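Since the model is a prediction, treat every value here as computed from it, not as a measurement.
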Amino acid sequence: GKELNCYLRSEFGPVVNNCVAAGGNCWSGHVGQLTTRESDWAAKEVPCKCIPCGKPDYTQNSWPSGACAPMSAMCSPTVVGTGGCYSTAQMGCNCGTMLAEAPQIDNGKAIAKKTVANGPCSKVLNATGSMTDIAGANFIGTAEWPTLNSEAYTVISKCVTAPGACEVSNPQGIDDMRSTYAAIVDTPVVDIYLSRLTNSGLMTGLLQANDMSSKADEVAFQQAVAQLGQELTALKAVGSWYNVYMALFTSLGSEMSLACDTMLTVLAMPHDQTPPIPPPKKGWKAITLNVLDRAANTMLLIGTDGASEGLLAAGASMKAALNVGGQVAGAMNTATTTTAPWAGAQDDELSLRYDAMLEFIQVLLLEELVSISKQTKSIAANWGRLKSAVTLVEGCPISANMVETVSVSNFPMLQWFALGILFPTKYAIYWQRDYQQGNGPTCEVPSVVYQPEFTAMDVSSQYTCSINSLKSMESGANNCYGEPGPCGDTKKPTRSFWIAAAPGVGAVDDYAPDSFFEALTATNGVVTRYVNAQYNQDFSGTTGGLAVFGRSCQCLTKNFVAASASMGMVQGASSSQALLSQQAVYCDIYDLVLPTYVLSDCEVMNSNDQICVNGFGQTGFTSSSSDLLDPHSGNFNQYVFVPAERFKWSSDKAGKYGCCLPWVTQGKDEADSLPEGCDFAVCDCWAMVTTMFDYQAGGKGAGDYYLDSGSIPHAWAGNCAGGAGGCQGYTSTGCSWTDVLESGDGKTPNCGPAPNECGSLV
């Protein structure tokens with residue numbers, strides 16, 4: 001919320017910007033460089049070289065004077081583009097001094113404020129609305145074309161639109177040139193029309209050759225020429241504006257490819273060995289819409305800070321277009337609507353090869369041009385829309401330089417999205433709860449680990465009965481459940497987060513190297529240039545590189561689903577190995593939605609064979625001679641957090657808490673009351689079945705030793721069926737764990753009975 005001067009440097013020269021940056025950091029959109037003081041620039045003499053486009057960066061400095069801009073999708077070591085040069089530094093390079101150029105310092109704050117408040121584009125935009133508004137169905141300023149003398153209009157139209165040279169005595173063109181406006185608005189044909197109409201000799205010859213010699217005829221003819229000239233001039237202005245606007249999408253596609261290539265380097269993945277890219281949780285279309293939305297935000301930012309107010313109209317037009325028909329919201333959660341430009345695009349569920357993925361994203365970016373084309377046609381077909389559009393174009397001019405600035409400014413954001421797309425092909429986020437009881441599965445000890453503070457969500461009651469007590473007990477098992485104590489506030493169970501090879505790629509202890517995190521948080525790293533700058537964070541170094549992910553996912557709820565229902569379940573508490581869940585829970589990391597996987601809880605049992613209830617399924621005892629209970633899913637959660645906004649696990653402040661305490665006697669048909677802090681009952685069906693089903697079915701097994709026969713409360717069992725592996729992954733709400741954890745919006749999930757193949761618990 002603190003106002004500071006920001007300085008943007010690009011190949012188009014120094015521009016002084018003013019920004020409002022939360023927390024007091026300034027961001028140069030071109031290179032993501034943070035600064036708050038003029039002295040910051042003066043103190044840094046960064047060496048650089050000026051290299052021809054398409055030449056490697058180890059080439060010698062190639063110019064004795066002048067300057068080169070930073071590399072971009074148009075000019076880099078691998079892209080020749082239209083020629084020119086690039087700087088080996090993040091900023092422009094002074095080829096004579098071979099030092100990166102700092103921006104010219106100027107106190108533009110007051111000027112920028114005045115520009116924002118009183119700038120011509122701001123006023124025009126408020127009066128006319130965006131281009132999307134002008135082209136939209138709700139625009140109230142529509143107007144028919146002015147009436148012209150029909151004879152004059154016909155001959156002029158036939159001459160102007162003639163496919164070859166205009167024969168004044170017998171022009172061969174279209175007799176209604178206005179009907180062609182929608183087709184030609186953004187093409188060079190407008191210039192052809194205009195050049196003929198403004199050719200006074202041609203128009204005089206046309207007038208004379210068509211027997212319109214009376215004074216009235218001449219006046220009507222000249223009036224028609226003047227009006228049509230105004231219309232064509234307007235078409236040219238609007239078409240030129242849209243051509244620049246549309247170039248942004250092509251540029252973003254090229255920048256996205258470059259961003260992906262740079263992230264492959266960070267991930268140490270060769271281009272030709274990249275495995276198929278799995279579809280993101282939100283889908284390819286949603287990723288692309290996010291890119292467009294962020295690009296629009298950048299245009300608005302640059303437009304409102306005094307650098308180029310003309311970009312206000314472009315940003316506002318794009319924001320409005322993205323929200324037409326609920327496209328953005330629809331793409332995030334469900335299929336896009338049929339009115340979206342993405343209708344008919346390739347299925348979002350497909351895994352794609354690396355090159356196919358790049359091509360597909362570019363196709364989606366360019367498909368927005370379909371919507372833009374419809375806008376231009378709508379505007380060109382109506383005089384009222386066209387006049388308003390011209391007013392906006394004149395008040396909010398944009399240039400190719402401005403579009404390039406926006407495109408390059410977005411490059412760190414594109415790198416971040418590219419990382420999100422490529423990350424799951426090599427890595428995954430893993431986590432585990434350690435109850436610190438001394439026995440049970442051993443805990444994973446990564447080389448780089450993120451451990452958040454203890455919270456109540458990991459509190460667990462303790463099962464206090466010994467082996468002998470279990471073997472001699474036929475009832476009264478409810479009395480074995482004690483207060484949390486060592487499984488809660490006393491020893492404070494810890495959570496550990498780390499990054500390692502993705503399932504199918506490697507093992508959970510194939511940890512990501514330090515170099516991966518250091519690359520993210522280096523001066524040129526995507527975390528430094530995007531996350532820190534955009535979200536006012538300060539992640540740095542190896543631990544900071546992991547904390548980007550860990551902090552965003554620190555309040556995850558455990559969702560453990562074993563490899564198969566037949567083996568099931570996790571090994572006993574006496575086992576030295578914790579098992580990995582096969583079910584991913586997705587986590588939003590600064591708009592990247594990435595899969596996370598949990599390991600079964602570790603060190604859940606103490607030396608007296610007392611176990612933390614959240615470790616059920618990992619006990620090692622039974623009444624049989626083998627002294628091994630039938631293990632179950634290991635997914636018991638005494639408390640379950642469901643975030644208000646799905647995938648948002650960075651905090652438990654917004655959302656609902658569910659709970660499962662089946663040893664607490666409740667009403668048979670509904671819970672008489674829930675513990676303080678619990679909003680709804682939700683139990684894991686497999687855990688409920690394995691602790692109850694044997695007794696209910698008339699058998700005598702593990703269930704006898706967890707819960708009394710009289711304490712099988714349907715309030716806790718809810719919609720669980722029972723008895724077979726089909727229950728794995730389902731809850732007493734009837735919903736799968738995935739549906740519960742992604743329910744969001746504060747509603748208590750309820751999906752009806754769990755799958756029929758589970759059998760019946762009653």
Donor-acceptor list for residues 219-230 side chains, cut-off 3.5 Å, not counting sequence neighbours:
from   : atom 1 : to     : atom 2 : distance (Å)
Gln227 : NE2    : Glu231 : OE2    : 2.8

Self-check item: Sub-4.5 Å side-chain heavy-atom contact between Lys319 and Thr132
Solution: no
Practice problem: With Arg178 as the cation and Tyr153 as the aromatic partner, state whether NZ or CZ is under 6.0 Å from the six-membered ring centre and within 45° of the axis. | Solution: yes
Exercise. Specify whether Trp383 and Trp145 have parallel, tilted or perpendicular ring planes, treating 30° as the upper limit for parallel and 60° as the lower limit for perpendicular.
Key: tilted
Exercise. Would you check if the side chain of Ser378 reaches a backbone N or O of Lys374 as a donor-acceptor pair within less than 3.5 Å?
Key: no
Quiz item: Does Arg385 use its side chain to pair, donor to acceptor, with the backbone of Gly136 at less than 3.5 Å?
Solution: yes
Self-check item: Student check: side-chain heavy atoms of Tyr354 and Thr425 closer than 4.5 Å
Solution: no
Practice problem: Return yes if some donor-acceptor pair links the side-chain N/O of Asp133 with the main-chain N/O of Thr128 below 3.5 Å, else return no. | Solution: no
Quiz item: Taking atom types as modelled, is there a side-chain donor on Thr180 or Tyr193 under 3.5 Å from an acceptor on the other?
Solution: yes
Quiz item: Does Asn410 reach the main-chain N or O of Val406 with its side chain, forming a donor-acceptor pair under 3.5 Å?
Solution: yes
Quiz item: What are the two closest heavy atoms between Cys121 and Ala313, and how far apart are they?
Solution: SG-N, 4.2 Å
Quiz item: In terms of side-chain heavy atoms, does Ser240 have a donor or acceptor partner in Asn243 at a distance below 3.5 Å?
Solution: no
Quiz item: Looking at side-chain heavy atoms only, is the closest gap between Met413 and Trp416 below 4.5 Å?
Solution: no
Quiz prompt | Note, Lys49 side chain near Cys93 side chain (heavy atom, < 4.5 Å) | solution = no
Exercise. Classify the ring geometry between Trp241 and Tyr245 as parallel (under 30°), tilted (30 to 60°) or perpendicular (over 60°).
Key: tilted
Quiz prompt | pair Val390-Glu394: side-chain heavy atoms closer than 4.5 Å | solution = yes
Self-check item: Nearest-0.5 Å distance that lies between atom CE in Met318 and atom OG1 in Thr298
Solution: 9.5 Å
